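Everything below concerns the one structure shown next.
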Amino acid sequence: MEHSTPAATLGVVGGGQLGRMMGEAAGPLGVELVVSDPTPDCPAAPVVRDQIVGDFDDYDAIRELAERVDVLTFEIELADPDEMERVSEETDTPVHPTPDTLRTIQDKLVQNRALDDAGIPLPEYRQVDDAEDLLAAGDELGWPLMLKAREGGYDGRGNLPVEGPDDVEDALAAVGGAALAEEMVDFERELAVMGVRGDDEVRAYPVTETIQEEEILREMACPARTDTSVRSRAREVAFDVLDMLEGRGVYGIEMFETRDGEILVNEIAPRPHNSGHWTIEGASTSQFEQHVRAVLGWPLGAAERRGPTVTTNILGDVDEPEIASLSGTESVLEAHGAALHWYGKREVRPLRKMGHVTLVDDEASDCETLLSRARALRDELTFE
Ligand code: ATP
Ligand code: MG
């Protein structure tokens, strides 16, 4: 393959922190990014060639984007698959992952059905359109259960545990619209595998442990603190999931490890994912560089871990939205093996993802030790 400078231009629908980290990874490869995002001066803006201001389903913005790039991708599930498909045909610009894959993943019910059809293990689930469906789901799957909006949920928004029949009406009103119910999984821990589909190869990163609190991802540790057999089962399931997906790119595969060591798939993200942020410092090739390579159809990079790595998110610790000003960063900057990532969001909101801190250890201390060090560093950070 002939490379010139710039080697390629990549169009990304969405310019949040994932687009920003994609831009940071693309630079050394000589790849330039153009992003489209509705927020002027979005997080990715400082590290990309250009931003087109437009909504994720704005035909004109996506069309202009496609005309300026070699390949189109997206960093947010709100990207409109129909518009991307149309523009792709009109401008002869490939889109990866495929709009069809995005369409499947956007709707959690359709996603679950696709996983089911492919024989992937997942929690029991039922379609829920009204109170009658939800009551029937409770009878069959048991209470409590997890009610999920079919579309548009993120960071746990759109998900609601339902305790029993008395809560059905309120829960449906809160979730609003088409939903699905899932059995409440009594998991031992949550795991994630970042996988990547290249032109004719598939790879997966080592299994990550993801630590959620109130349904928001707080911390990640790799290797996951679980049995080797569970880790190899998780990778096996991840490869089965990658097999059923169409289109090149990185995929985040979220899983539950049940009390008896079984793996159930929770959901798939058709893009780099928070649970893979540790790969920036912790792996031979970061998930962001890997995504750029993959969507361009270039050879993939090695997906090996350099050493035990943990990441902790920096979430908004405020009660009301305010101009973001983070204090307490000195300790992170001074800590050996620590990396600070700031996403450049102007405004901090309650629990908004504002950045993260990664700790890599080349002296092979375990994830337990790294996690407590990372937590101590994080606890010094505050917006208040
Ligand atoms: P993300 O934070 O990845 O954007 P999301 O809003 O799409 O997530 P899910 O990943 O479906 O939501 O759920 C968020 C969290 O809620 C999970 O990580 C898990 O902790 C919990 N959860 C989801 N589904 C179930 C379930 N069926 N049983 C138990 N817990 C669940
Ligand atoms: Mg999730």
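When a ligand or atom number is given, it counts from 1 through the structure's own listing order. Small disclaimer: the values here were computed from a predicted structure and weren't measured.
Within a 6.0 Å radius of CZ in R259, more than 12 heavy atoms belonging to other residues, nucleotides or ligands are found. The number of heavy-atom neighbours closer than 6.0 Å to CG of D92, taken from other residues, nucleotides and ligands shown, is 12 or below.
When the N, O or S atoms of E254 are ranked by distance to the Mg ion (ligand 2), OE1 comes first. For E267, the N/O/S atom at the shortest distance from the Mg ion (ligand 2) is named OE2.
With no hydrogens or angles considered, a side-chain donor-acceptor pair links Q127 and R113 at under 3.5 Å. No hydrogens or angles considered: nothing links the side chains of Q111 and E267 as a donor-acceptor pair under 3.5 Å.
Atoms of ligand 1 lying under 4.0 Å from at least one heavy atom of K108, given by number and element, are 5 (P), 7 (O), 9 (P), 11 (O), 12 (O). Under a 4.0 Å criterion applied to the non-hydrogen atoms of E254, ligand 1 contributes the atoms 3 (O), 10 (O). Each of the following atoms of ligand 1 lies closer than 4.0 Å to a heavy atom of E183: 26 (C), 27 (N), 28 (N). Taking every non-hydrogen atom of K148 and a distance limit under 4.0 Å, the qualifying atoms of ligand 1 come out as 11 (O), 23 (C), 24 (N). Ligand-side atoms of ligand 1 in range of M184: 28 (N), 29 (C), range being under 4.0 angstrom from any heavy atom.
Contact annotation: for N274 versus ligand 1, there are no heavy atoms closer than 4.0 Å. With a 4.0 Å heavy-atom cut-off, ligand 1 is reached by no atom of T210.
Among residues two or more places apart in sequence or in another chain, the ring pair (Phe, Tyr, Trp, His ring centres under 6.0 Å) test is passed with H273 by none. Listed by chain and residue number, V128, D129, D130 satisfy the side-chain contact (heavy atoms from CB on, under 4.5 Å) test with D133 (two or more places apart in sequence, or in another chain).
For the ligand labelled ligand 1, residue N266 lies inside the 4.0 Å heavy-atom shell. Ligand 1 is approached by F256 to a heavy-atom distance shorter than 4.0 Å.
Using a 4.5 Å heavy-atom cutoff, the side chains of R248 and H291 are not in contact.
No N or O atom of F187 sits closer than 3.5 Å to an N or O atom of ligand 1.
Between atom 17 (C) of ligand 1 and the options Q212, E190, E77, the minimum heavy-atom separation is to E190.
The ring of H277 has its center closer than 6.0 angstrom to the ring center of F288.
No cation-pi contact links R305 to Y205, judged by a cut-off of 6.0 Å to the six-membered ring centre and 45° from its axis.
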